[in-house]
Structures are given as C-alpha cells and as structure tokens.
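A quick note: this is a predicted structure, and the numbers were derived from the prediction, not measured.
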Amino acid sequence: EDGTPFGFFGATWKIVPSFALMAEYDNVQKSPDNRVNLGGRFWVTPFFNVDVGARNVGRGSGRGAERIVRLNYVTNFPF
C-alpha cells in the first residue's frame, strides 16, 4: 500500500543428514505482528520428510502460538 518492503530472516542448521533445525523471524516490517517460528525437519527417506514446528513462539493469549506437523512427499511426473 505505501511501498514499504516486508521480509523475514530464516536459518536452517542440518545437524545430521536426516535431521535439521529451522528458525525464522517473520513479518519484520510490522512490529506488533512480527513473530518467531521454530521447528525441526526429519527425513524419513530422500523423498519423504516430517516437519514439526511452532509458529508465533513466545506470544501471550492474544494471537497465541501455533503447533504444526507437516508431512512432505516430493516426486515428479514423467512428462
């Protein structure tokens, strides 16, 4: 609306080949709406991984934190 840029900072630290820790500082431009997200990713196979995360860490009851579990399967279509 006013041309102000938005953004985030993210980092991933792969501890072992099958597990990584993730962190993110989101919505940097708007101070009351910014949030800290933390999580981990476990690779079950090279094509399947499980993410476990917490969004909006450290917030009170107003906007609250969220817990997330995501299953990711990667494939391709033979065209």
Side-chain angles (χ1 to χ4, degrees):
E1 295 157 26
D2 62 359
T4 306
F6 289 82
F8 70 94
F9 296 102
T12 301
W13 179 32
K14 199 163 190 180
I15 298 173
V16 294
S18 62
F19 183 75
L21 290 175
M22 301 177 291
E24 179 183 77
Y25 183 66
D26 195 9
N27 204 1
V28 172
Q29 194 268 343
K30 290 188 145 197
S31 182
D33 294 331
N34 55 11
R35 59 188 181 194
V36 174
N37 306 324
L38 301 172
R41 176 173 288 161
F42 177 70
W43 281 269
V44 180
T45 71
F47 302 107
F48 178 68
N49 62 63
V50 178
D51 290 351
V52 178
R55 184 179 292 159
N56 218 13
V57 175
R59 292 288 180 163
S61 60
R63 192 165 160 201
E66 301 173 29
R67 294 171 298 280
I68 302 163
V69 175
R70 184 172 51 199
L71 307 175
N72 302 302
Y73 182 73
V74 178
T75 188
N76 58 25
F77 296 104
F79 290 115

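- Pairs passing the salt bridge (charged side-chain N to carboxylate O under 4.0 Å, His left out) check and including a residue from residues 42-51, sequence neighbours excluded, read R41-D51, D51-R70.
- Within the structure, the salt bridge (charged side-chain N to carboxylate O under 4.0 Å, His left out) test picks out no pair touching residues 12-22 (sequence neighbours left out).
- The hydrophobic cluster analysis finds W43 isolated: no Ile, Leu, Val, Met, Phe, Trp or Tyr side chain comes under 4.5 Å of it, directly or through other members.
- V74 and V69 end up in different hydrophobic clusters when Ile, Leu, Val, Met, Phe, Trp and Tyr side chains are linked at under 4.5 Å.
- Both V57 and Y25 belong to a common hydrophobic cluster when Ile, Leu, Val, Met, Phe, Trp and Tyr are linked at side-chain heavy-atom distances under 4.5 angstrom.
- Note on I15: it clusters hydrophobically with V52, by side-chain heavy-atom contacts below 4.5 Å among ILVMFWY residues.
- Listed by chain and residue number, S18, F19 satisfy the side-chain contact (heavy atoms from CB on, under 4.5 Å) test with V16 (two or more places apart in sequence, or in another chain).
- Counting Ile, Leu, Val, Met, Phe, Trp and Tyr side chains that sit under 4.5 Å apart, directly or through other members, M22 stands alone, with no cluster partners.
- Panel note: side chain N37, backbone N56; a donor-acceptor pair is recorded below 3.5 Å.
- Shown here are the side-chain contact (heavy atoms from CB on, under 4.5 Å) partners of F48, two or more places apart in sequence or in another chain: V44, T45, V50, L71, Y73.
- Every residue two or more places apart in sequence or in another chain that forms a side-chain contact (heavy atoms from CB on, under 4.5 Å) with F8 is listed here: E24, D26.
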